[in-house]
**Student:** 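Just dropping this structure here.
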Amino acid sequence: MTVRVRFSPAPTGYLHLGSARSALFNWLYARKTGGAMVLRIEDTDTERSTPEHIAAIKDTLGWLGIDWDEEYLQSERFDAYLKVVDDLIADGRAYYCDSTPEEIKARAEARGESADGGYDNYNRDRNVQPGPGVVVRFRTPDEGVTAWDDAVRGRVTFDNAVLEDFVIVRSNGTPMFHVANAYDDLDMGITHVVRGEDLVNTTPRVLLLRQAMGADDVPTFAHLPLIVNEQRKKLSKRRDDVSVGDYAERGYLPDAMRNYLVTLGWGPKDGVEIRPVEELIELFDLADINKASAFFDVKKLDHFNGEYIRALPTEEFVAQATPFVDASEYDIPAELFASLAPMVQERTKRFDQAAELLDWVVGDPVEPSEKDWRKVMGKDEVPAILDAVIERLADVDWTAEALEALVMGVGEELEAKSQLPVRLALTGKRAGLPLWEPMAAMERQVIVDRLRAARARI
RNA sequence: GCCCCCAUCGUUCAGUGGCCUAGGACACCUGCCUUUCACGCAGGCAACACGGGUUCGAAUCCCGUUGGGGGUGCCA
């Protein structure tokens, strides 16, 4: 049997981390098995779905290097869903319902039950006719169980009795998620449904619908553990940085993001986490996916990204970092950046942080912290060091090698560390790029002025 | 309330009855390298939630407790 998986986002927002991971796991499985990856846009909620979101989702999938073999839009298939619903109604497996939420609630209260118990199947046999404000509900069985073997969770069982008759066609005539989903999985021959755990409870409904549509088989489900935030709650648009597109804009490499995402809920058995996607595809398996939710750890993502950035050929690094450098608050000439790129690349975990390393080269040094100043400049020998460096700077060859020899030479002669005071005077910070190359790229007078200013401050 | 689910270092993944005095990675700490930082290298800290079973033997199987999460929409 040829594997057919699908990624089915609702285009009601941008692609977020959780969805991206679902897409990725589907894709890995399809590519591993030589199966087909279907992109199915579930835009049955016509109110909230937009073409912009569809475009953005596709863009971001492309950015992540996730491709697909077939593409469908559910809004173009409404006729088919509605036809199936008509059959269901004719069969008595679905019925019209005109109960408003208020009425349902009122009846529950009248019975002395909790108001959030859900729909009470009130209209089942009342022969409501279609009209304004009328929805179609699916008649769920009153007994028995609906169960399936989940590739990650094992056997999952639901009592049919706890399933209320749910809406399958809205009062505005549009079909809802469950029907579209059940119909399409059947119609498109989907063999494996890989999606987030937040959808487990919809599975019995979809399965029941699928049966009602005449299916006698069940796809393999794999419900992925949720990606959570520090509070162990499902990542949410409101609280968390979940838009994958935003990560792209902040200078994360798609390969790094994809590689990190794979390690959430799954891991190669040999423990090697950072590796080429081809290997990931080879090693991946639905059966090895974890059950417990996983925290999205940006620090670890940063580490992955740093590894990927360092692995780039320098020219490639320059090419990719340049847009970010240009967009930064610093005015850094392309040539300067290119010449200093190797040392920047070594120290950059995100492209949007690259420019800041050169702040002192193209602008004034930052104001040193009091603590740094005291620690570095407070030493007795510092005035002598700075005086000597300033004096010798007047006629030194303006090359990185000569500058290094000069500063280190002064240090040796005075038997003191000369690099740090010079660094603080020039950059305002104790840590940063190696000094000599950038110095050689700067004006002699600027360097001398900064050293003099620092000397005067002691 | 009702339904479903989860539980190994701070985080993440490995571990599917003996190879576990529990392993890798991130983070953190120490040292080395060094022009500071970063990289790299060598170390270190640190976990099987708890209680019962089953078994010659349990992180691995079963039950319970506790803790956590997801769902409960005319969203998906």
Side-chain angles (χ1 to χ4, degrees), chain A residues 8-13 19 42-45 47-49 74 97 99-101 113-119 133-137 150 152-154 156-159 161-164 166-178 180-181 195-204 223 225-226 228 230-234 260 262-274 288 290-304 306-307 310 343-349 357 376 404 407-408 411 417-424 427 429-436:
Chain A
S8 0
T12 54
S19 308
E42 304 215 326
D43 55 347
T44 52
D45 184 350
E47 306 274 309
R48 292 192 293 167
S49 299
Q74 286 189 329
C97 161
S99 288
T100 63
E113 290 172 14
S114 151
D116 33 86
Y119 180 62
V134 173
V135 300
V136 179
R137 286 185 185 270
D150 198 286
V152 352
R153 331 189 84 74
V156 183
T157 308
F158 280 82
D159 241 313
V162 305
L163 258 41
E164 65 196 53
F166 54 94
V167 175
I168 53 178
V169 178
R170 299 180 181 84
S171 59
N172 71 2
T174 57
M176 283 193 67
F177 155 74
H178 300 104
N181 200 271
R195 25 122 89 146
E197 191 200 330
D198 50 344
L199 292 172
V200 255
N201 74 108
T202 72
T203 304
H223 285 99
L226 261 18
V228 299
E230 253 165 321
Q231 287 78 239
R232 295 259 124 204
K233 305 251 192 236
K234 182 170 97 165
Y260 176 62
V262 180
T263 68
L264 260 24
W266 178 81
K269 300 207 185 296
D270 62 8
V272 180
E273 295 180 314
I274 297 182
D288 298 329
N290 247 87
K291 293 187 183 70
S293 53
F295 169 59
F296 187 82
D297 187 355
V298 185
K299 279 191 175 173
K300 190 153 180 178
L301 203 217
D302 282 348
H303 175 259
F304 274 45
E307 293 267 355
R310 270 178 262 123
M343 55 182 73
V344 174
Q345 180 175 8
E346 185 81 6
R347 274 154 263 258
T348 301
K349 285 187 172 168
L357 288 166
V376 175
E404 173 176 8
V407 175
M408 298 315 281
K417 297 249 184 193
S418 55
Q419 187 262 156
L420 221 36
V422 171
R423 171 179 295 280
L424 201 69
T427 75
K429 290 182 276 197
R430 296 184 63 186
L433 256 30
L435 246 22
W436 328 121

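All chains are named by letter (A, B, ...) in the order of the sequence lines, taking the proteins before the strands, and each is independently numbered beginning at 1.
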**Student:** Would you classify A/Arg153 as touching base, sugar-phosphate or nothing, given that sugar-phosphate means primed atoms plus P, OP1 and OP2, and contacts are heavy atoms under 4.0 Å?
**Tutor:**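 Sugar-phosphate, no base atom in range.
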**Student:** If you look at every strand shown and take non-hydrogen atoms under 4.0 Å, does A/Met343 touch a base, only sugar-phosphate, or nothing?
**Tutor:**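 The residue A/Met343 makes no contact with any strand.
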**Student:** Under 3.5 Å, is there a donor-acceptor pair linking the side chains of A/Arg170 and A/Thr174?
**Tutor:**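 Side chains of A/Arg170 and A/Thr174: pair found under 3.5 Å.
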**Student:** If you only use heavy atoms from C-beta on, which nucleotide in B/A38, B/U11, B/C5 is closest to the side chain of A/Asp297?
**Tutor:**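 Nearest to the side-chain atoms of A/Asp297, counting from C-beta on, is B/U11.
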**Student:** At under 4.0 Å between heavy atoms, what does A/Leu301 touch on the DNA or RNA strands: base, sugar-phosphate, or nothing?
**Tutor:**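 Answer is nothing: A/Leu301 stays at 4.0 Å or more from every strand.
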**Student:** Are A/Arg137 and A/Tyr119 in a cation-pi setup, meaning NZ or CZ lies under 6.0 angstrom from the ring centre and within 45 degrees of the ring axis?
**Tutor:**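 Ring-cation test returns yes.
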**Student:** Looking at CD of A/Glu197 and OG of A/Ser293, how far apart are the two atoms once the value is rounded to the nearest 0.5 Å?
**Tutor:**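 Result: 7.5 Å between the selected atoms.
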**Student:** Classify the side chain of A/Ser171 and the base of B/C74 as holding, or not holding, a donor-acceptor pair under 3.5 Å.
**Tutor:**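 Checked by distance alone, the answer is yes.
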**Student:** Can you tell me the base-pairing partner of B/A46? Count Watson-Crick or G-U wobble geometry only, both distances below 3.5 Å, and say none if there is no partner.
**Tutor:**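 Answer to the pairing question: none, since B/A46 forms no Watson-Crick or G-U pair.
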**Student:** Taking OP1 and OP2 of B/G69, is either one under 4.0 Å from a side-chain nitrogen or oxygen of A/Lys233?
**Tutor:**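 Checking B/G69 against A/Lys233, a side-chain N or O does come within under 4.0 Å of OP1 or OP2.
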**Student:** Can you tell me the distance, in whole Å, between the CZ atom of A/Phe304 and the C1' atom of B/A27?
**Tutor:**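 After rounding, the gap between these two atoms is 13 Å.
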**Student:** Is it true that atom NZ of A/Lys429 has more than 12 heavy atoms of other residues, nucleotides or ligands lying nearer than 6.0 Å?
**Tutor:**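 Result for NZ/A/Lys429: enclosed.
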**Student:** Nearest whole Å is fine: how far is B/C4 C1' from A/Asp150 CG?
**Tutor:**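 Going from CG in A/Asp150 over to C1' in B/C4 covers 11 Å.
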**Student:** So, does the side chain of A/Lys300 form a donor-acceptor pair with the base of B/A27 at under 3.5 Å?
**Tutor:**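 Absent.
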**Student:** Can you name the closest pair of heavy atoms from A/Tyr260 and A/Phe295 and give their distance?
**Tutor:**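 Smallest heavy-atom distance, with atoms named: OH-O, 3.8 Å.
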**Student:** Is A/Lys269 salt-bridged to A/Asp288, cutoff N-O under 4.0 Å?
**Tutor:**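 Between A/Asp288 and A/Lys269 there is a salt bridge, with a charged N closer than 4.0 Å to a carboxylate O.
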**Student:** Taking 4.0 Å as the cut-off, does a side-chain nitrogen or oxygen of A/Lys291 come that near to OP1 or OP2 on B/G69?
**Tutor:**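 False: A/Lys291 side-chain N/O out of range (4.0 Å or more) of B/G69 OP1/OP2.
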**Student:** Rounded at 0.5 Å granularity, tell me how far CD1 in A/Ile168 sits from CE in A/Met176.
**Tutor:**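 It is 10.0 Å, given to the nearest 0.5 Å.
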**Student:** Looking at CZ of A/Phe177 and OG of A/Ser8, how far apart are the two atoms once the value is rounded to the nearest 0.5 Å?
**Tutor:**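 Those atoms lie 8.0 Å apart.
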**Student:** Any N or O donor-acceptor pair linking the side chain of A/Arg430 to the base of B/U36 at under 3.5 Å?
**Tutor:**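 Between B/U36 and A/Arg430, which were checked side chain against base, a qualifying N/O pair under 3.5 Å is absent.
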**Student:** Can you find a heavy atom in the side chain of A/His223 that is under 4.5 Å from one in the side chain of A/Asp150?
**Tutor:**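 With C-beta onward as the side chain, the pair touches.
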**Student:** Quick one: which protein N/O atoms are closer than 3.5 Å to N/O atoms of nucleotides 43-45 of chain B? Pair and distance per line, please.
**Tutor:**
none

**Student:** Ignoring backbone atoms, test whether A/Arg232 places a side-chain nitrogen or oxygen under 4.0 Å from the OP1 or OP2 oxygen of B/G10.
**Tutor:**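 No, A/Arg232 has no side-chain N/O under 4.0 Å of OP1/OP2 on B/G10.
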**Student:** Assign A/Glu47 to base, sugar-phosphate, or nothing according to its heavy-atom contacts below 4.0 angstrom with the strands shown.
**Tutor:**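 It contacts nothing in the nucleic acid.
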**Student:** Within a strict 4.5 Å, meaning less than it, do heavy atoms of the A/Gln419 and A/Leu435 side chains meet?
**Tutor:**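 Yes, close enough: below the 4.5 Å cut-off.
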**Student:** What interatomic distance, in whole Å, is found between P of B/A7 and the corresponding atom of B/G15?
**Tutor:**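 Taking atom P in both B/G15 and B/A7, they lie 13 Å apart.
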**Student:** Using purine N1 to pyrimidine N3 plus N6-O4 or O6-N4 for Watson-Crick, or N1-O2 and O6-N3 for G-U wobble, both under 3.5 Å, which nucleotide pairs with B/C9?
**Tutor:**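 Pairing partner, where one exists within any strand: none, as none qualifies.
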**Student:** Base, sugar-phosphate alone, or nothing: which one does A/Glu42 contact when heavy atoms must sit under 4.0 Å apart?
**Tutor:**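 A/Glu42: backbone/sugar contact only, no base atoms under 4.0 Å.
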**Student:** For A/Ala10, report the nucleic acid contact type (base, sugar-phosphate, nothing); a contact means any heavy atom under 4.0 Å.
**Tutor:**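 Contact class for A/Ala10: sugar-phosphate only.
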**Student:** Could you tell me whether A/Leu433 contacts a base, only the sugar-phosphate backbone, or nothing, with contacts defined as non-hydrogen atoms closer than 4.0 Å?
**Tutor:**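 Contact class for A/Leu433: base.
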**Student:** Using Watson-Crick or G-U wobble geometry with both distances below 3.5 Å, tell me the partner of B/U36, or none.
**Tutor:**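 Its partner: none found.
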**Student:** Restricting both atoms to N or O, compile the protein contacts to nucleotides 47-51 of chain B shorter than 3.5 Å, with distance only.
**Tutor:**
none

**Student:** Hey, is the side chain of A/Asn290 poking within less than 4.0 Å of OP1 or OP2 on B/C6, counting only N and O atoms?
**Tutor:**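 No, because none of the side-chain N or O atoms of A/Asn290 sits under 4.0 Å from OP1 or OP2 of B/C6.
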**Student:** Between B/U11 atom P and A/Gln231 atom CD, what is the distance in whole Å?
**Tutor:**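 Whole-Å distance recorded here is 13 Å.
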**Student:** Is the shortest side-chain N/O distance from A/Arg170 to OP1 or OP2 of B/A76 below 4.0 Å?
**Tutor:**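 A/Arg170 to B/A76 OP1/OP2: side-chain N or O found under 4.0 Å.
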**Student:** Just call it for A/Phe158: base, sugar-phosphate, or nothing, with non-hydrogen atoms closer than 4.0 Å on any strand.
**Tutor:**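 Touches sugar-phosphate only.
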**Student:** With nearest nucleotide decided by heavy atoms, which residue, A/Thr157 or A/Thr44, maps closer to the 5′ end of RNA chain B?
**Tutor:**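 Upstream on the strand: A/Thr157.
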**Student:** Determine the contact category for A/Val200: base if any of its heavy atoms lies under 4.0 Å from a base atom, sugar-phosphate if only primed atoms, P, OP1 or OP2 are that close, otherwise nothing.
**Tutor:**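 A/Val200: no heavy atom of the nucleic acid under 4.0 Å.
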**Student:** Report yes if a side-chain nitrogen or oxygen of A/Thr202 is closer than 4.0 Å to either non-bridging phosphate oxygen (OP1 or OP2) of B/G71; otherwise report no.
**Tutor:**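 No, because none of the side-chain N or O atoms of A/Thr202 sits under 4.0 Å from OP1 or OP2 of B/G71.
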**Student:** Report the residue (A/Arg310 or A/Trp266) whose heavy-atom-nearest nucleotide on RNA chain B is the more 5′ of the two.
**Tutor:**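 Nearer the 5' end of the strand: A/Trp266.
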**Student:** Taking atom C1' of B/A76 as reference, at what distance in whole Å does atom CZ of A/Phe177 sit?
**Tutor:**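 It works out to 5 Å between those atoms.
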**Student:** With the side chain counted from C-beta on, respond yes when A/Ser171 and A/Val134 share a heavy-atom pair under 4.5 Å apart, and no when they do not.
**Tutor:**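 No, too far: nothing below the 4.5 Å cut-off.
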**Student:** Please report the distance, rounded to the nearest Å, between NZ in A/Lys269 and P in B/A22.
**Tutor:**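 Rounding to the nearest Å, NZ of A/Lys269 and P of B/A22 are 21 Å apart.
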**Student:** Partner of B/A59 by Watson-Crick or G-U wobble geometry, both contacts under 3.5 Å, or none?
**Tutor:**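 With both distances under 3.5 Å required, B/A59 matches none.
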**Student:** Checking A/Thr203 against A/Arg195: is there a side-chain donor and acceptor pair closer than 3.5 Å?
**Tutor:**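 Their side chains do contain a donor-acceptor pair, which is all the 3.5 Å distance test asks for.
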**Student:** Please report the distance, rounded to the nearest Å, between CG in A/Asp270 and P in B/C13.
**Tutor:**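 These atoms are roughly 16 Å apart.
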**Student:** Roughly how far, to the nearest 0.5 Å, is the OG1 atom of A/Thr44 from the CG atom of A/Asn181?
**Tutor:**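 If I round to the nearest 0.5 Å, the distance is 9.0 Å.
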**Student:** Looking at A/Glu197 and B/G71, is any side-chain donor or acceptor paired with a base atom of the opposite kind under 3.5 Å?
**Tutor:**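 Per atom types, no contact qualifies.
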**Student:** Report the base-pairing partner of B/U54 (Watson-Crick or G-U wobble, both distances below 3.5 angstrom), or none.
**Tutor:**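 None - no nucleotide pairs with B/U54, as no candidate has both distances under 3.5 Å.
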**Student:** How is A/Gly306 classified with respect to the nucleic acid when contacts are heavy atoms under 4.0 Å: base, sugar-phosphate, or nothing?
**Tutor:**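 No contact.
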